Every structure is written in C-alpha cells, then in structure tokens.
There are 2 protein chains.
Amino acid sequence: MVGEKYSLLVLREIFFGVRRFDGIARNTGAPRDVLTARLRHLVDAEVITKVQYHERPPRFEYHLTDAGQELRPVLLLLTQWGDRHLVDRPPVVWEHHCGTDLEPVVSCRDCGEEIGPGQLTPRFASPEWTAAGHLDVAGS
Amino acid sequence: MVGEKYSLLVLREIFFGVRRFDGIARNTGAPRDVLTARLRHLVDAEVITKVQYHERPPRFEYHLTDAGQELRPVLLLLTQWGDRHLVDRPPVVWEHHCGTDLEPVVSCRDCGEEIGPGQLTPRFASPEWTAAGHLDVAGS
DNA sequence: GGGGTTGGTTGGTTTTTCCAACTGACCGGA
DNA sequence: TCCGGTCAGTTGGAAAAACCAACCAACCCC
C-alpha cells in the first residue's frame with residue numbers, strides 16, 4: 001500500500017485537508033495519470049472514499065475512511081523522523097488540542113513504557129515460515 | 001526514503017534480525033540488483049551501516065544506525081495498521097520486555113492523551129507555501 | 001575435487017513513470 | 001456571445017525503473 005510511489009504523499013495531503021485532484025497533484029508533484037491510478041488504488045483498498053461535491057460536471061473529493069484515519073499516527077511518526085533526520089527545520093507542526101505543538105510518543109498499552117531499542121522480540125504465528133528458511137532470523 | 005519500493009521491507013527484515021544480503025533478498029522477494037541499490041541508498045542516508053563480518057572474501061552485514069532504530073516505531077505502527085485492515089491474523093507479534101504482546105499507542109508527550117481524529121491542526125513554517133496556493137488547505 | 005554459500009554484477013526484457021498536450025463540462029466577466 | 005479560467009481526468013510517446021536468469025569470485029566443507 002504505502003510502498004507505491006506517491007501514496008504516502010497523497011495521504012499526507014488529505015490529512016492536511018487537501019482533498020481535490022488538482023490540489024493533491026500540485027502539492028505532491030505526482031503526474032496526473034499516476035495520481036489517478038493511486039487514488040483509484042486507495043479507494044479500492046478502502047483507505048479513502050470518493051465523495052461527490054458537484055453534480056454536473058461530476059466533481060469529487062477524496063475523504064478518509066476510518067481505516068484511513070488510523071493511518072494518521074503512522075504519518076505523524078514518519079514526519080517526526082523526517083524532521084529529526086532529513087531537514088533542518090520542520091516545515092509544519094501539528095498543534096494538539098491541548099494547546100501544545102504535538103510531539104508524538106509511542107508506548108506499550110499494557111505497561112505504559114515508551115518503546116526503546118532492545119525491548120522487543122518477534123514471535124511468528126506459523127512455524128513453517130522459519131522452518132522453511134523463509135525467514136531465518138537465527139542464521140544471520 | 002520509504003517511498004522507494006522495498007525499502008520498508010528491507011528495514012522490516014533488519015528489525016527482525018535478518019542482516020545479510022541473501023536473507024533479505026529471500027524474505028523481501030526483491031530482485032538482487034534492486035536490493036543492491038536500496039541497501040546502498042539506505043547506507044548513504046545513514047539509516048543502516050555496512051559491517052564487515054568476514055575478511056576474505058569480504059562479507060557484510062547491514063546494521064541499523066541510531067537514526068534507523070528510530071524508524072522502528074513507524075514500522076510497528078504500520079504493521080499494526082496492516083494487521084487490523086489487511087490480513088486475517090497477525091503473522092508476527094512483538095513481545096515487549098514487560099511480558100505482554102505489544103500493542104503500540106501514540107500519544108501527546110505533553111498532555112499524555114492518545115491521538116485521535118479531530119485533535120490536530122497544522123501550522124506552516126513559511127507562509128509562502130500557503131500564499132503561493134502551493135498548499136491551499138482552505139480552498140478544498 | 002565437487003557441491004554449497006555468500007554478495008554481488010551483467011544484459012536484455014517488461015513494467016512504471018514521466019510529461020506535455022488534449023478533452024469536456026462548466027463558470028464568470030466583458 | 002466570446003474569452004479565459006477551473007476542474008478532473010485521459011492519451012501517446014519517451015525515459016526510467018524494475019525484473020529475471022545467468023554469471024562470477026572467493027571461499028567452505030566433505
């Protein structure tokens with residue numbers, strides 16, 4: 001989903017409130033035909049929906065579904081990472097309704113501790129993955 | 001960075017502990033030449049480093065830098081989203097050192113509240129963005 | 001000495017992306 | 001009524017990227 005070029009940028013724009021074809025095209029720099037394909041794909045994946053805002057000619061806006069809304073934390077975190085490592089100064093800050101500039105933190109629901117390195121071990125659902133050498137964590 | 005095909009998958013593998021070329025190639029399904037390019041790119045971006053583990057012939061492992069480690073929460077959250085919306089059952093769970101299966105939550109550092117829809121408003125660093133109609137949030 | 005592992009590179013084909021131009025249906029102003 | 005602009009795409013051809021199978025060098029173990 002997010003591995004396709006521009007799909008994350010498209011979502012970013014929609015999170016900003018830019019919901020129309022031309023606006024998204026301008027802000028992402030995506031070629032219009034590629035954008036058409038991406039939007040269709042995101043609609044198919046039920047991340048966004050096409051909402052008609054004008055009868056004739058038919059004009060549409062792209063709105064987030066509930067599933068799409070749940071991607072917001074991912075974007076927020078990715079943005080934070082980019083702000084820290086890729087740019088000098090954050091080009092945009094999100095103001096939280098508590099009045100401060102948002103700094104998102106990720107923590108464990110159960111113990112409340114913030115996630116840091118060395119706290120996690122993966123456990124795989126089906127043993128055949130590892131057995132087939134398909135995911136040989138050990139041998140590396 | 002993450003928009004390029006396979007780069008997120010490569011990082012996932014390294015987070016799993018798969019650090020060598022052949023293992024990453026197997027688990028991601030990336031063509032070897034593409035993988036070569038991605039790894040080089042990630043090294044250039046200082047997300048991972050090439051660590052020699054054998055002298056002759058020279059053999060390398062790819063390890064996360066500090067910046068790379070900080071991408072882990074992003075992957076965790078993205079995985080959580082995929083588990084919820086794209087697959088039936090999570091193929092892998094991360095065990096937190098507190099003893100439970102990790103469910104990551106994102107919250108505001110200042111007020112501690114979990115991030116939900118409708119709590120955030122964007123503020124842009126340079127007004128020319130909006131002024132140029134380059135990012136016209138309003139007009140949509 | 002034969003087979004397997006490892007970390008790539010190479011050459012040629014297929015798939016995507018890119019880009020500029022075009023379309024059709026409107027709207028507002030002169 | 002004509003002219004320009006907006007909007008959401010579509011089209012065709014060129015450029016870039018991905019894909020794939022084969023190859024390579026330098027080991028290792030038996």
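Note that this is a predicted model, so its numbers are computed, not measured. Throughout, protein chains are lettered first and strands after them, A, B, ... in sequence-line order, and every chain is numbered starting at 1.
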Could you walk me through whether A:Glu114 and B:Arg109 pass salt bridge (Lys or Arg N to Asp or Glu O under 4.0 Å), step by step?
CA-CA 10 Å; A:Glu114 190 175 340; B:Arg109 163 97 60 200; 3.2 Å; yes
Can you tell me which nucleotide in D:dT10, D:dA25, C:dT17 comes closest to the side chain of B:Arg59?
D:dA25
Kindly point out which of C:dT9, C:dG7, C:dT17 is positioned nearest to the side chain of B:Thr36?
C:dT9
If you pin A:Phe21 and B:Gly29 to their nearest nucleotides in DNA chain D, which one's is more 5'?
A:Phe21
Note: for A:Asp33 and A:Pro57 on DNA chain D, the residue whose nearest nucleotide lies more 5' is A:Pro57
Do the side-chain N and O atoms of A:Glu113 and B:His97 include a donor-acceptor pair separated by under 3.5 angstrom?
yes
Just checking, is any N or O donor in the side chain of B:Glu61 or B:His63 under 3.5 Å from an acceptor N or O on the other one?
yes
What is the distance, rounded to the nearest whole Å, between atom [atom1] of [X] and atom [atom2] of [N]?
{"X": "B:His41", "N": "D:dA17", "atom1": "NE2", "atom2": "P", "value": "12 Å"}
{"X": "B:Arg38", "N": "D:dA17", "atom1": "CZ", "atom2": "P", "value": "9 Å"}
{"X": "B:Asp22", "N": "C:dT9", "atom1": "CG", "atom2": "P", "value": "13 Å"}
{"X": "A:Tyr53", "N": "C:dA25", "atom1": "OH", "atom2": "C1'", "value": "12 Å"}
{"X": "B:Phe60", "N": "C:dT5", "atom1": "CZ", "atom2": "C1'", "value": "16 Å"}
{"X": "B:Leu35", "N": "D:dC19", "atom1": "CG", "atom2": "C1'", "value": "13 Å"}
{"X": "A:Gln52", "N": "D:dG9", "atom1": "CD", "atom2": "C1'", "value": "14 Å"}

Would the number of heavy atoms belonging to other residues, nucleotides or ligands and lying under 6.0 Å from CD of B:Glu55 be above 12?
no
Does any N or O donor sit under 3.5 Å from an N or O acceptor when you compare the side chain of A:Arg56 with the base of C:dC26?
no
Counting only distance, no hydrogens or angles, is the base of D:dG9 paired donor-acceptor with the side chain of A:Arg32 under 3.5 Å?
yes
If you compare every side-chain N and O of B:Tyr6 against the phosphate oxygens of D:dC19 (OP1, OP2), does one of them come in below 4.0 Å?
yes
A:Phe16-A:Trp94 aromatic ring centre distance below 6.0 Å:
yes
The answer to which of A:Ala30 and A:Pro58 contacts DNA chain C further toward the 5' end, by nearest nucleotide, is A:Ala30
